[in-house]
Amino acid sequence: MPLPPLVPPAAELSAADIARYSRHLLLPEVGLTGQQRLKHARVLVIGAGGLGSPVLLYLAAAGVGTLGIIDGDVVEASNLQRQVIHTVAGIGQPKTESARAALLALNPELKVILHAGRLEAGNALALMAPYDLVIDGCDNFATRYLVNDACVLAGKPYVWGSIFRFEGQASVFWEQAPGDAGIHYRDLYPEPPPPELAPSCAEGGVLGVLCAAIGAIMATEAIKLITGIGESLLGRLLVYDALEMRQRCLPIRRDPKRQPITGLIDYPAFCGLGVVSSPASASISPAQLQQWRQGGVPFCLIDLREPAERAIVQIAGAEAIPKDQLLNHPTLLDASGAVPIVLHCKSGQRSLAVLQALQGQGYRGLHHLDGGILAWIRDVEPSLPSY
Amino acid sequence: MREIDLLFFARLREVLGVGHERLSLPETVRTVADLMGLLCQREGKWAEELGGKRLFRVAINQEMASLDAEIPAGAEVAIFPPVTGG
C-alpha cells in the first residue's frame, strides 16, 4: 500500500551530493526532495551478517545519512561466502567495525553508529529511539520477536527479511501505520517454533547469493518507506524461491486472536532457549574425550550430523547416525551400558537436545561432546578444517 | 475428485522430501483442516510435522487461509514455516 514519506527532507544536498546522487535525482519519484529525505534518514540495521551486508552497502550507496549497526559477532572465514561487506582483512574483527570500515570507504559522508553487543529486552527501546526505521536481518527467533515487540512499543516501522537454504521471506511491519493498516510479525507467526525446528544457516547451510536477493528487497523497501514512493510490502509476505526462481506475494491480515503487546518479555525463554541444561556428568569436554581415547577407555562415538557435514570433517572412529534417524529409531544405540555412548554434532546443540530426548525415554549411560566437533578441532585436532 | 497443487517450503520441503505434488482430493476433504488430516495419514514424518502444534501458514491461491477455509478445485495450496536465517 502507498504510505506517506517517513522522513522529512530536512538535509541540504551539497554540490558533491548532487553529482554523486544524480541518477536518483533524475528519477522524478525520488528527485531532490527524496534524496534530502534519504540524507536526513536514520536507519538501524540489526545484524551485519548475510542480510545486513547488502542492506548496509546499498543504503550507504543510496545516501542514507545515518546508519546504526548492532552485531555482537566477529568476522569468520565462513562468513565471507555471503556477508559481502566483510573481507579477509576483517577476519577476527568485530563485525560492526569491519562493516563501518567498508561503509566509510564507500561513502565517507555517512554517519555510522556502532552498537557492539546484542540487542536485548533491557536495551532495545533505548537503542531504537533515535532511529526512523529499523531493519531486521538477525539470525534467531528470540531477536526476531524482540525486534517486533520493541518496534510495536516504540511505534517504529521495520523491514524484515529472513533466509533458509535457497528460500527467503521478506515483509514490512508497522503496527502504527497510517490508515489502520497496522500489522506486525505476530500476526504472521504468533509463536516461534521450538529450537530444534529452527535450524540456523550454520546448521542448515545457505546459498550465499540468496542474501543479495532478499537484502536487495529489504533495502528497496527501506528506501520506499523513507521517501514515500511506491507500494510498500506492508501487509504482504514475499516468499522467494531461488531454485525455482519464483516469488509469491501473500497478503497478511491481522490475527483475530492477537494479544496486545504491552511490554518486553524474556525472549530466549519464549523461544525455548536458555532453559536447557545438561547434568555436568552427561557432558564431556574434548580434552576429556581425548584422554579416554589415549587411555584406551572403550566408548562409542556417534556423529549426529548430516552427510554434507560429515563430508567436510569427521572425528576418526565416529559412527554416523543423523539426528532425526536416531530420534526415530533410538534402538540403533547399544544401550546395554557395556560402553559409554558419546553423542556429538557441530557445536553441541543438537547432541544436547538428542541426549535430553533419549534420557526422557529412559536411556542411560549417554554423554554428549560439549561444543561439538568445533570444540574438538579447536582443543584437540587444530589441523582439521573447521566450518 | 478435485485436483490441487500442493507446495511445501523451507524446512517442510527438506523434512518431507517434497516441494511440489499434484494431489487428488476425495470428496470428504473440503477444508485445510481436512487436508491436514489426509496428509497426516501418510507414513513417516507427515503426522509429526503437520499434525501437532501448527507452526506453519497455509495459503490457498496466494491468499492466507485458516484451517476452516474451503479448498476449491485446481487450487494452489502452499504450506510454509517461519524461517529466521540472516
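Given the structure is predicted, the values throughout are model-derived calculations rather than measurements. Just so you know, these numbers use all the heavy atoms, side chains as well, and skip hydrogens, waters and symmetry mates. Per chain, numbering begins at 1; letters A, B, ... match sequence-line order.
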Any residue meeting side-chain hydrogen bond (donor to acceptor under 3.5 Å, both in side chains) with B/E70, in chain and number order, not counting sequence neighbours: none
Please classify the contact between A/E244 and chain B as side chain, backbone, both or neither, with a heavy-atom cut-off of under 4.5 Å. side chain
Is the closest basic N to carboxylate O distance between A/E167 and B/R11 below 4.0 Å? no
Donor-acceptor pair, A/R248 side chain versus B/Q62 backbone, under 3.5 Å? no
Please look at A/L237 and chain B and tell me whether the side chain, the backbone, both or neither of the residue comes under 4.5 angstrom of a heavy atom of that chain. side chain
For A/R144, is it the side chain, the backbone, both or neither that has a heavy atom under 4.5 Å from a heavy atom of chain B? side chain
Residues B/P82 and A/Y185: closest non-hydrogen pair is CB-OH, 4.4 Å
With only heavy atoms counted, which part of A/D241 is less than 4.5 Å from chain B, the side chain, the backbone, both or neither? side chain
Which residues share a side-chain hydrogen bond (donor to acceptor under 3.5 Å, both in side chains) with A/N148, sequence neighbours left out: A/Y158, A/H184
Could you tell me whether the side chain of A/Q169 and the main chain of B/P81 form a donor-acceptor pair under 3.5 Å? yes
As an exercise, state the distance from OH of A/Y189 to CZ of B/F80, rounded to the nearest 0.5 Å. 5.0 Å
Quick one: what part of A/C138 sits under 4.5 Å from any heavy atom of chain B, side chain, backbone, both or neither? backbone
Please determine whether the number of non-hydrogen atoms from other residues, nucleotides or ligands lying under 6.0 Å from atom OH of A/Y58 exceeds 12. no
Minimal non-hydrogen separation, A/W160 against B/V83, with atom names: CZ2-O, 4.2 Å
Set out, in order, the CA-CA distance, both residues' side-chain angles and the distance that settles side-chain contact (heavy atoms from CB on, under 4.5 Å) for B/E63 and A/R253, then state yes or no. CA-CA 10 Å; B/E63 287 275 346; A/R253 298 200 177 82; 3.0 Å; yes
Return the minimal non-hydrogen interatomic distance between B/L55 and A/P192, and the atom names on each side. CD2-O, 3.9 Å
Could you please spell out the steps behind the side-chain contact (heavy atoms from CB on, under 4.5 Å) verdict for A/N328 and B/E48? CA-CA 11 Å; A/N328 287 335; B/E48 195 181 311; 4.0 Å; yes
